[in-house]
Amino acid sequence: MTQVSPQVRKIWQVVSTIPRGKVASYGQVARMAGMPGRARLVGAALKQLPDNSPVPWHRVINASGKISFPPTSPEWERQHQRLLDEGVILVRGKAPGAALVEEDFLDNLLWGPDEGV
DNA sequence: ATATTGACTTGGC
DNA sequence: TGCCAAGCCAATA
């Protein structure tokens, strides 16, 4: 049993709350996980994800709205296909802004509504 | 223990 | 639009 760091688990948790048909950027996920500026950690976390994991890793794209894999790679194809299945169409290689999940929505789901004093 | 990598982001040109 | 440099820091070598 590999022991994954709590941060990685948190990231997985955040990614799991991204609704079907929506997407979020690595930086967005990092922020929602309470780790602003650590987009790369999100990438590292997804990379560690088990192959059979239920975590919707494919809903995470980069800040440009594009898939963070070489367009020719099998990984790119897989992620693209999964997005298509959920109705997320890439226009000229990028996801429409409308597909982006709203941060407060997930914030409330994750941290509870309006906890801020 | 030190060095390099990387599924990133942002700002500047 | 695109390329580059700097910032970020856990994971890997």
Side-chain angles (χ1 to χ4, degrees):
Chain A
M1 280 298 283
T2 57
Q3 302 294 332
V4 298
S5 73
Q7 294 194 327
V8 167
R9 289 198 175 186
K10 186 66 191 178
I11 288 168
W12 289 350
Q13 180 190 353
V14 170
V15 172
S16 298
T17 66
I18 304 174
R20 202 167 186 283
K22 290 285 183 178
V23 295
S25 76
Y26 295 89
Q28 209 177 354
V29 170
R31 236 174 315 155
M32 293 186 291
M35 311 173 223
R38 301 187 194 171
R40 305 193 82 135
L41 182 56
V42 175
L46 296 188
K47 191 164 58 176
Q48 293 174 45
L49 213 48
D51 202 11
N52 54 349
S53 171
V55 177
W57 53 269
H58 56 279
R59 295 178 190 153
V60 185
I61 59 182
N62 64 35
S64 305
K66 299 178 184 173
I67 292 173
S68 283
F69 280 116
T72 55
S73 70
E75 290 289 62
W76 190 97
E77 294 293 347
R78 187 176 314 133
Q79 186 167 6
H80 183 223
Q81 185 56 60
R82 287 217 192 197
L83 289 175
L84 281 181
D85 290 342
E86 301 188 347
V88 178
I89 315 282
L90 298 189
V91 182
R92 283 181 319 230
K94 53 189 176 184
L100 285 171
V101 68
E102 289 155 15
E103 256 179 71
D104 4 359
F105 173 72
L106 292 192
D107 272 340
N108 290 342
L109 265 181
L110 288 160
W111 303 100
D114 201 346
E115 279 184 12
V117 209

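Atom set for the values below is all heavy atoms of this structure, side chains included, hydrogens, waters and symmetry mates excluded. Lettering follows sequence order; numbering is per chain, from 1. Predicted model, so just to flag it, every value in this text is computed and none were measured.
Atom CG in A/L46 sits roughly 13 Å away from atom P in C/dA11 (whole-Å rounding). Computed from coordinates, the A/Q48 CD to B/dT5 C1' distance equals 14 Å when rounded to whole Å. Rounding to whole angstrom units, CD1 of residue A/I61 and C1' of B/dT9 are separated by 14 Å. C/dC8 atom C1' lies 16 Å from atom CG of A/N62, rounded to whole Å. Straight-line distance from the CE atom of A/M32 to the C1' atom of B/dT9: 15 Å, rounded to whole Å. Between the CD atom of A/Q7 and the P atom of B/dC8 there is a distance of 18 Å, given to the nearest Å. Atom-to-atom, CD1 of A/I11 to P of B/dC8 comes out at 13 Å; the value is rounded to the nearest Å. Between the P atom of B/dT9 and the CE atom of A/M35 lies a distance of 15 Å, rounded to the nearest Å.
Contact between the side-chain N/O atoms of A/S68 and the OP1/OP2 oxygens of B/dC8 is found at a separation under 4.0 Å. Checking the phosphate oxygens (OP1, OP2) of B/dT9, no side-chain nitrogen or oxygen of A/S64 falls inside 4.0 Å.
Nearest-nucleotide assignment on DNA chain B puts the 5′-proximal partner with A/L41, out of A/L41 and A/Q28. For A/R92 and A/R38, each mapped to the nucleotide of DNA chain C holding its nearest heavy atom, the one lying further toward the 5' end belongs to A/R92. Between A/K94 and A/K47, it is A/K94 whose nearest contact on DNA chain C lies nearer the 5' terminus.
Nucleic acid contact class of A/S25 (heavy atoms, under 4.0 Å, all strands): sugar-phosphate only. Residue-level contact check: A/E75 touches neither bases nor backbone, having no heavy atom under 4.0 Å from any strand. Counting non-hydrogen atoms under 4.0 angstrom, A/V8 reaches the backbone sugars and phosphates but no base.
Using modelled atom types and a 3.5 Å distance limit, the side chains of A/K10 and A/Q13 yield a donor-acceptor pair.
Note that the CZ atom of A/R78 and the OG atom of A/S73 stand 9.0 Å from one another [nearest 0.5 Å].
Candidate nucleotides B/dG6, B/dA7, B/dT9 were compared by shortest atom distance to the side chain of A/A39, and B/dT9 ranks first.
Electrostatic pairing of A/R59 and A/E86 counts as a salt bridge here, judged by a charged N lying under 4.0 Å from a carboxylate O.
Both A/I61 and A/V88 belong to a single network of hydrophobic side chains, linked directly or stepwise wherever heavy atoms of I, L, V, M, F, W or Y lie under 4.5 Å apart.
Contact check for A/R82 versus A/W57: side-chain heavy atoms found under the 4.5 Å cut-off.
Checking B/dT5 for Watson-Crick or G-U wobble geometry (two distances, each under 3.5 Å) identifies C/dA10 as its partner. A 3.5 Å limit on both hydrogen-bonding distances identifies B/dT10 as the Watson-Crick or G-U partner of C/dA5.
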